[in-house]
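Structure, as structure tokens:
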Amino acid sequence: MFEWGDNRRFNSYTGYIKRKFGSRVQKLTIDAGFTCPNRDGTIGRGGCTYCNNNSFNPSYCQPEKSIKQQLDEGIEFHSFRYRRVEKFLAYFQAYSNTYAKLDRLKELYGEALSHPKITGLVIGTRPDCVDDTILNYLAELSASYYISVEYGVESCNNTTLERINRGHSFEKSVWAINKTAKRGLNVGAHFILGLPGETESDLIKQIAQINQLPLTTIKFHQLQIVKDTLMARDYAKNPDAFKFFTQDEYLALLVSIVERLNPKIVIERFTGEASPTTLIAPKWSKLRADQLLIKLEKLLEDYDTWQGKLYKA
């Protein structure tokens, strides 16, 4: 029905992976013990105001374990739900996973790629943690493996980035994304919807800027305040300074975003799920991400709209 070869009204990550590999491929999250220049004093200390990686990491992800052990435990963890999956991507997720010397990166990435069931890498990082040397090495790996570099962009608004102590500008993200894409690497970007000071109108307008980026994939994530963060402290002092979307408002916002988004960009995620033990706000219903996706797809159908319907090149 649509140009992606299935009946979904958006360019889904599941469909993209099946087109790319011919079957389902599951990500396995890894915590390789990286830190961040916004935490160790290189750029700043304390990190981004919203950041607590432990609120999203699976239980098997512990940096004191070897890469191989985390992968083996990840495969076992997912085996009950995805019994037929034979291929996996090693997802270096926690903090900035290019923030080390090249020799160290080669050691860590090489250990992951030596696993017989790993067919590629997804590397989460910051746009200020890559350079020509690292990107050239990743381009070499991409000749034999699937390699994706996923940048935390979070917002196109520099005032917002300063407010959340991100430590880099939107222009730096544009620079890194372009540098990465020019080497033929897959490029992902992550955006948080609902950051302090940003309105629904702001979030819809920034899609025009996103559409200009050479992205392979994109992730959207509603703002969630979790424990042990600077934002949690600010929220405790002045909760009225934060405005959260209700679940229905957020789904309606996603419809407006999807129909304006370049249809070539693969949408990997619409929502985030922080651990219930760390989540402070917003406290939505207990619907999981897959259940929210069903509601979103129903809205797209009800409105007879789809990804790119209002897209203008």
Side-chain angles (χ1 to χ4, degrees), residues 1-29 74-75 78-91 117-122 124 142 145-150 177 181 184-191 193 203-204 207-208 210-222 247-248 250-273 287-313:
M1 177 178 179
F2 299 103
E3 62 183 270
W4 311 291
D6 55 27
N7 291 324
R8 304 189 82 167
R9 290 174 176 262
F10 65 95
N11 192 356
S12 74
Y13 187 70
T14 300
Y16 163 74
I17 288 294
K18 286 183 178 178
R19 293 192 301 272
K20 193 83 174 175
F21 294 97
S23 62
R24 185 183 181 96
V25 177
Q26 180 64 36
K27 281 186 186 178
L28 299 175
T29 303
I75 291 171
H78 288 289
S79 63
F80 295 101
R81 185 174 182 182
Y82 306 117
R83 297 185 180 184
R84 296 182 180 179
V85 175
E86 293 295 328
K87 297 178 182 178
F88 298 86
L89 297 173
Y91 181 21
K117 290 194 175 184
I118 295 299
T119 193
L121 306 176
V122 179
S142 70
Y145 302 98
Y146 177 87
I147 306 293
S148 177
V149 184
E150 183 179 295
I177 289 168
L185 292 160
N186 300 289
V187 193
H190 182 277
F191 290 88
L193 305 179
L203 297 174
I204 293 174
I207 298 303
I210 293 172
N211 283 338
Q212 297 178 45
L213 300 173
L215 294 174
T216 310
T217 62
I218 194 167
K219 288 180 178 178
F220 297 111
H221 184 157
Q222 79 276 25
Q247 189 172 283
D248 288 340
Y250 186 73
L251 290 172
L253 170 64
L254 289 176
V255 171
S256 296
I257 287 173
V258 166
E259 60 189 2
R260 288 166 172 80
L261 187 67
N262 185 339
K264 292 183 179 179
I265 299 176
V266 176
I267 304 178
E268 187 168 351
R269 186 207 292 166
F270 290 102
T271 59
E273 286 187 87
L287 293 180
R288 298 295 303 270
D290 55 346
Q291 295 170 305
L292 289 171
L293 178 57
I294 291 172
K295 294 187 71 170
L296 173 61
E297 294 200 78
K298 180 66 164 57
L299 281 177
L300 293 173
E301 184 177 344
D302 289 345
Y303 295 139
D304 191 25
T305 192
W306 55 86
Q307 183 178 340
K309 183 178 182 180
L310 303 181
Y311 167 68
K312 296 179 181 179

Tell me whether Arg288 is salt-bridged to Glu273, with the criterion being a basic N under 4.0 Å from an acidic carboxylate O. yes
How close do Gly188 and Ser148 get, heavy atom to heavy atom, and via which atoms? N-OG, 4.4 Å
Begin from the C-alpha positions of Tyr16 and Glu268 and carry the test side-chain hydrogen bond (donor to acceptor under 3.5 Å, both in side chains) through to its verdict. CA-CA 9 Å; Tyr16 163 74; Glu268 187 168 351; over 6 Å; no
For a 4.5 angstrom cut-off between non-hydrogen side-chain atoms, does Ile177 reach Val149? no
Would you compute the distance between atom CD of Glu86 and atom OG1 of Thr119 and round it to the nearest 0.5 angstrom? 12.0 Å
Does NZ belonging to Lys309 count more than 12 external heavy atoms closer than 6.0 Å? yes
Across all chains, not counting sequence neighbours, the ring pair (Phe, Tyr, Trp, His ring centres under 6.0 Å) partners of Phe88 are none
Which atom pair, heavy atoms only, marks the closest approach of Ala189 to Leu215? CB-CD2, 3.7 Å
Might you work through the salt bridge (Lys or Arg N to Asp or Glu O under 4.0 Å) test for Arg8 and Glu297, ending with a clear yes or no? CA-CA 8 Å; Arg8 304 189 82 167; Glu297 294 200 78; 2.9 Å; yes
Gap separating the NZ atom of Lys20 from the OG1 atom of Thr216, nearest 0.5 angstrom: 7.5 Å
On a heavy-atom basis, the closest approach of Tyr91 and Gly124 is CE1-N, 4.4 Å
Closest non-hydrogen atoms of Thr271 and Ala289, given as atom of the first, atom of the second and distance, are OG1-CB, 3.5 Å
Atom of Val258, atom of Arg9 and distance for their closest heavy-atom approach: CG1-O, 4.4 Å
So, do Leu299 and Leu254 sit near enough that their side-chain heavy atoms are less than 4.5 Å apart? no
Start with the C-alpha distance between Ile207 and Asn262, add both sets of side-chain angles, then the distance that settles side-chain contact (heavy atoms from CB on, under 4.5 Å), and finish with yes or no. CA-CA 9 Å; Ile207 298 303; Asn262 185 339; over 6 Å; no
Checking Tyr250 now: which residues fulfil ring pair (Phe, Tyr, Trp, His ring centres under 6.0 Å) with it, not counting sequence neighbours? Trp284
Does atom CZ of Phe21 have more than 12 heavy-atom neighbours, drawn from other residues, nucleotides or ligands, at distances under 6.0 Å? yes
d(Ile257 CD1, Ile204 CD1) to nearest 0.5 Å is 6.5 Å
Could you tell me whether a side-chain N or O of Gln222 sits under 3.5 Å from a main-chain N or O of Gly272, the two making a donor and an acceptor? yes
Arg24, CZ atom: more than 12 neighbouring heavy atoms under 6.0 Å: yes
Below 4.5 Å, heavy atoms only, C-beta onward: do Thr217 and Tyr13 meet side chain to side chain? yes
CD1 of Ile218 to CZ of Phe270: how many Å apart, nearest 0.5 Å? 10.0 Å
Indicate yes or no: at least one non-hydrogen side-chain atom of Val85 is less than 4.5 angstrom from one of His78. no
Apply side-chain contact (heavy atoms from CB on, under 4.5 Å) to the pair Ile265 and Leu213, showing each step before the final yes or no. CA-CA 10 Å; Ile265 299 176; Leu213 300 173; over 6 Å; no
Check Ile147 against Asn186 and note the closest heavy-atom contact, atom names and distance. O-ND2, 3.0 Å
Could you point out which residue of Asp6, Ile267, Leu293 forms a side-chain contact (heavy atoms from CB on, under 4.5 Å) with Ser12? Asp6
Quick one: are Asn11 and Leu261 in side-chain contact, heavy atoms under 4.5 Å? no
pair Trp4-Gln307: side-chain heavy atoms closer than 4.5 Å: yes
For a 4.5 angstrom cut-off between non-hydrogen side-chain atoms, does Ile118 reach Leu28? yes
